[in-house]
Structures are given as C-alpha cells and as structure tokens.
Amino acid sequence: MASNPNYVKKQLTVDTVSWTAIIAPIDCMGVAIKNSALVDLRIRTDSSDATTQDTIPAGSLETIVAPRHGSGVQDAGSGARFLAGDTIAYLQAASGTGPALLTFVR
C-alpha cells in the first residue's frame, strides 16, 4: 500500500560528471535534500551557472520550506511553491557517487 501522497520520499543517485535534476513528483511547499553520501554534494539552481552553486556537506540536510499563498503569485495561484514536474535544483557529487534522499511535502 502506498503512503499518503502529500509526503513523498525519493532517492537520487548523483555522480561527478553530470548535474542531476531534482524534479518535484508532486505539487509541494517543502523540499528536503539529505546528503546520504560520504562526500560533499554540490547544488545549483542553474546547472550552467557556477554563481548559483552551494555545497551540502556529507551527512547534512538542505531544506526549502515555503508557506502556501493566495492567487497572484508567479505559479498561477496553485497554493504550492513547486508544481509537479518543476525542476527545483541540480546536484553533483564532489567525488565518487552517492545517493541523496529527497523528501517532498505538499
């Protein structure tokens, strides 16, 4: 039996070569990225722009939490900050490969 569709976990494998997209599987307000790897992960909001890069240290957690809102805010008033199918950010391992555990909350 599947869990509540308002709370979704995904595991994402990342490597040192490509920027792997984090794509929202549901409309959501909260996203957490747990670095389960033994190496640092790089995160960018634009895969081709190094000025958007930050680091998620090994064993650390990055969270993005935004409250619901009314209509008239850049996403057609859905109430969610990220819509299903939206690319939220991109990840890359600093060395080797490793998993990132993603949590999405509607």
Handout entry: Minimum heavy-atom distance Asp27-Arg106, with the two atoms named
Key = O-CG, 3.3 Å
Completion exercise
Under a side-chain separation threshold of 4.5 Å, the hydrophobic residues clustered together with Val105 are Tyr7
Handout entry: Leu38, CG: over 12 other non-hydrogen atoms inside 6.0 angstrom
Key = no
Practice task
Kindly say whether Ile56 contributes a backbone atom to a donor-acceptor pair with the side chain of Asn35 at under 3.5 angstrom?
Solution key: yes
Practice task
Name all residues meeting the side chain to side chain donor-acceptor pair (under 3.5 Å) criterion together with Lys9; count only those two or more places apart in sequence or in a different chain, and write none if there are none.
Solution key: Thr103
Completion exercise
Thr63 meets the side chain to side chain donor-acceptor pair (under 3.5 Å) criterion, sequence neighbours left out, with none
Practice task
Taking side chain to side chain donor-acceptor pair (under 3.5 Å) as the test, write out the residues that go with Ser36, two or more places apart.
Solution key: none
Practice task
State yes or no: do Trp19 and Phe82 share one hydrophobic cluster built from I, L, V, M, F, W and Y residues joined by side-chain heavy-atom distances below 4.5 Å, directly or via other members?
Solution key: no
Problem - Pairwise distance CZ(Arg44) to OG1(Thr52) - rounded to 0.5 angstrom - result: 6.0 Å
Problem - Non-neighbouring partners of Asp54 that pass side-chain contact (heavy atoms from CB on, under 4.5 Å), sequence neighbours left out - result: Ile43
Exercise for the section: Could you tell me the separation between the CE atom of Met29 and the CZ atom of Arg81, rounded to the nearest 0.5 Å? Expected result: 9.5 Å
Just distance, no hydrogens or angles: give the donor-acceptor pairs under 3.5 Å from side chains in residues 83-96, sequence neighbours left out.
residue : atom : partner : partner atom : Å
Asp86   : OD2  : Leu83   : N            : 2.8
Gln92   : OE1  : Arg42   : NH1          : 3.1
Gln92   : NE2  : Thr16   : O            : 3.3

Handout entry: Hphob cluster co-occupancy, Phe104 + Leu12, side-chain heavy atoms under 4.5 angstrom
Key = yes
Problem - Heavy-atom pair with the smallest gap, counting every atom of Ala58 and Ala37 - result: CB-O, 3.6 Å
Handout entry: Residues that, via side-chain heavy atoms closer than 4.5 angstrom, fall in one hydrophobic cluster with Ile23
Key = none
Practice task
Tell me whether Val8 is reachable from Leu101 by hopping between hydrophobic residues (I, L, V, M, F, W, Y) whose side-chain heavy atoms are closer than 4.5 Å.
Solution key: no
Completion exercise
Closest non-hydrogen atoms of Ile22 and Ile33, given as atom of the first, atom of the second and distance, are CD1-CD1, 3.6 Å
Fill in the blank from the handout: Contacts of Ser60 meeting side chain to side chain donor-acceptor pair (under 3.5 Å) (sequence neighbours excluded), chain-then-number -> none
